[in-house]
Amino acid sequence: MRKRRLRGLRARLVVAFGLVAAVAAISTGALTFREARTGILQQSQDATIRQLRAQLSQHAAELTLPPDESSLRKFAQDMAATESQGSWRVLVTYGDLSGSSVPGDPFTEVTPGVREAVGASRATVFQRVRGDGRTSLVVGMSILFGTPDSAATVTGVRVFLVVPQTTEQAYVDALVTAVERAMVAALALAVVLALLAARGVLVPVRKLRLATRRIAEGRLDTRLAVNGSDELADLSHTFNETAAALETSVAELREMEARARRFAADVSHELRTPLAAMSAVTDVLDEDAARLDPDTATAVRLISEETVKLARLVDDLMEISRFDAGAAVLHLDEIDLAESIRRSLASRGWTDTVATDLPPPHAVRGRVDPRRLDVVVANLVGNALKHGARPVQVRLSAGDAGAVIEVRDSGPGIPHDVLPHVFERFYKSDTARIRSEGSGLGLSITAENVRIHGGTVHAANHPAGGAVFTVELPLWRDESPEENPS
Amino acid sequence: MSRVLLIEDDPAVREGVALALRRQSHDVAATATGEEGMDRLRAFRPDIVVLDLMLPGMTGLDVCRGIRAVDQTLPIIMATARGDEVDIVVGLEAGADDYVVKPVLARVLDARIRAVLRRAAGSTPRAEGLPKIDTYGDLAVDRAGLTVALNGEPIALAPSELRLLLTLSASPGQVFSRQQLLEAVWEHDYHGDARLVDACVKRLRTKMSEPPRAPRYIHTVRGFGYRFAAP
């Protein structure tokens, strides 16, 4: 969940905007900082060197060559005194002799490297030295002696000036602070903009997601409000068109389905009235057939038998159309399943032909619809007797999920290409005896009856031969409030 | 040999069923409409009425209510072509004692007729010793005279309703499953229809002026069946 959040559109937008803002601010800030810092330092450096040169050319004349230590010290003090704020520290050396403006000052800033560089070159040497948290500018030069038109000679006197750069450092620090602040502000602004942009995209996307979910839940009249004319609006528009098309096709499908169901129910119903008349008199025909001549008797018995079959087929069709219309209702009652199976077999005269393996009374009790359970058992056993071979065995046991009813025959089993289709309506495995007994609806009615109980039924072949139908029925279910009309 | 009044609008079905029932040695009078059937009721004095649910004009339900208004004890079997839950339940609640779904074989209809008549006969006075009247709160059940009175007022019960009340009140406190009641009252086999029981209990409660939400005498035991409680 957390991972998904980080990968979300909002997070990605915020990170992207933040990165862009950071890169822009950092590069702008770095460039500005470098230019400004160089400018500030260069300016102060040039000013200091210019001032030092001016002071040197003014005071150099007072120095007698070769100088002694006291004159060097005086020279240094004079030089330092020319700077109004008194921040200059001056060191003057001549060979091994040296004099400084501040007595006892070790002049740690003046490194051997600088000293050497000043000795070797006639040019002015400068270096910025950082130490003890302060930055200082060290300027060193040799005093030259000579006239403007002739080559100058090195006097051997070297002057080192140390100027603290606190002001410049302060300027630079202020610059850094300013850049930092600007960056924080820019980043914050970028995040806010990113959130706004994300919202602009996310709100329509979220609406789209909700609408899609509603469609998936079956509320096909869901439509999106289309604002503006951007890509998201186009998407919403397309969504609406798709939803409308879907709604139309689903409505057409439902209409067709309802018509088909109504047709099946109407046909069955219309068949019932003539069948009712015919069924009523089949016994009369059967009785009288014995007294008729053989051909007429055969014809009469045939009509009688076919009428009974037709009546059963119409009953099955009505039952199927009830399942299709969702009008099949469970009337749950707490019963003893073994007793129920025993009575199902007994009422059809199968007690002697079917072997049973049933638990003792009250071992397997549960809430099922007794009539539907009877239909399931009767259809499976009837099917085994008709299409399989005897002996047929019925076994009931209590499993983890509920009751397990197993009906096994000793016939050749079901061909493998037929197995997946045995519960289909009107499916007949043997095309040669297509008008054999049975309508081909029995097993599909069985499957529907099991399904309405929330159970499962499947067909398989036993390793030792014969087909096995296994029904798993949950025995205890949450009671629905309308279940007990009272 | 019993007198059967058949009310059925379809001529073929009417003739066929009448023919078959006569072969089963019933005395049959057949009418095509409910109004005609109601007229024949007094003259023919049938033992049982076989009534089609869907009739032109006066429907089977109207006829059933009409008969119940004048005769509480005349057994009625509904014959319905639809066989949907709603039709069956509505028919039973209107006061029918049993129902068959068309098409029905003549011997099945005959068996149903005989079963209903047997039960109705069982409700007539029997020589079982001294009159015995059980009193439960405001309810008085005369087991010998087979009459039921509420607050001294006799209430008219159809045969199946009376048998149901007698069965339940014979052992107050005991819970009867629908199957048990079905076998005791309707003599149906094990896979008879539990809706018969529910519909009959509903009619009985109405006649006993039971509050629908909190019945005093006949309690529903959720998920199992019914119990008679003596307040």
Side-chain angles (χ1 to χ4, degrees), chain A residues 265 268-288 304 307-308 310-312 314-315 318-319 321-322 325 327-329 331-336 339-344 346-347 367 369-375 377-378 476-477 479 481 483-486, chain B residues 8-24 52 54 79-86 89 93 100-110 177-179 182 189-195 197-199 201-202 205 210 212-213 215 218-226:
Chain A
S268 309
H269 182 219
E270 287 309 313
L271 280 172
R272 279 197 162 178
T273 308
L275 264 179
M278 289 157 75
S279 295
V281 296
T282 51
D283 290 339
V284 178
L285 293 180
D286 284 343
E287 267 175 38
D288 292 357
S304 167
T307 304
V308 172
L310 195 55
R312 194 177 305 143
V314 169
D315 267 347
M318 283 300 280
E319 188 69 6
S321 76
R322 265 197 289 274
V329 184
H331 292 278
L332 295 178
D333 213 338
E334 200 203 308
I335 58 162
D336 178 0
E339 179 62 17
S340 170
I341 291 175
R342 201 171 287 124
R343 292 212 194 205
S344 285
S347 67
R367 288 176 56 69
D369 186 327
R371 286 203 320 150
R372 295 192 187 282
L373 178 65
D374 177 56
V375 169
V377 173
W476 302 99
R477 304 145 51 87
E479 290 184 26
E483 174 218 318
N484 281 338
S486 48
Chain B
E8 164 68 61
D9 62 323
D10 187 86
V13 179
R14 191 170 62 239
E15 275 175 41
V17 172
L19 171 65
L21 288 179
R22 282 193 189 107
R23 277 294 189 100
Q24 306 282 348
D52 186 15
M54 288 196 294
T80 157
R82 297 199 65 96
D84 284 344
E85 306 282 325
V86 175
V89 170
E93 283 175 0
V100 292
V101 177
K102 291 195 281 189
V104 60
L105 292 173
R107 59 175 180 273
V108 174
L109 181 57
D110 177 52
S177 76
R178 290 179 177 78
Q179 295 300 336
L182 207 52
D189 65 15
Y190 195 71
H191 302 294
D193 201 325
R195 284 168 295 189
V197 183
D198 291 331
V201 167
K202 194 171 178 182
R205 280 178 177 163
E210 295 262 80
R213 287 287 141 213
I218 303 173
H219 293 186
T220 306
V221 181
R222 266 185 82 81
F224 198 82
Y226 297 99

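By convention in this document, chain letters (A, B, ...) are assigned in the order of the sequence lines, proteins followed by strands, and residues within each chain are numbered from 1. As a basis for the values below, the full set of heavy atoms in this structure was taken, side chains included, without hydrogen atoms, waters or symmetry mates. In this text, all values refer to a predicted model and were calculated from it rather than measured experimentally.
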Identified side-chain contact (heavy atoms from CB on, under 4.5 Å) counterpart of A/Arg272 within the set B/Val101, B/Thr80, B/Asp10 | B/Val101

Considering only heavy atoms, which portion of [X] lies under 4.5 Å from any heavy atom of chain B: side chain, backbone, both, or neither?
X: A/Val308; value: side chain
X: A/Asp286; value: neither
X: A/Thr273; value: both

Tell me, out of B/Ala106, B/Gly16, B/Ala18, who's got the most heavy-atom pairs with chain A below 4.5 Å.
-> B/Ala106

Report the option among A/Asp283, A/Leu310, A/Leu275, A/Val281 that has the most heavy-atom pairs separated by less than 4.5 Å from atoms of chain B.
-> A/Asp283

Between [X] and chain A, with a heavy-atom cut-off of 4.5 Å, which part of the residue counts as in contact: side chain, backbone, both or neither?
X: B/Val104; result: backbone
X: B/Arg23; result: side chain
X: B/Leu105; result: both

In short, A/Ala276 meets B/Val13 closest at the heavy-atom pair CB-CG2, 3.9 Å

Tightest non-hydrogen contact, residues A/Ser279 and B/Pro103, listed as OG-CB, 3.4 Å

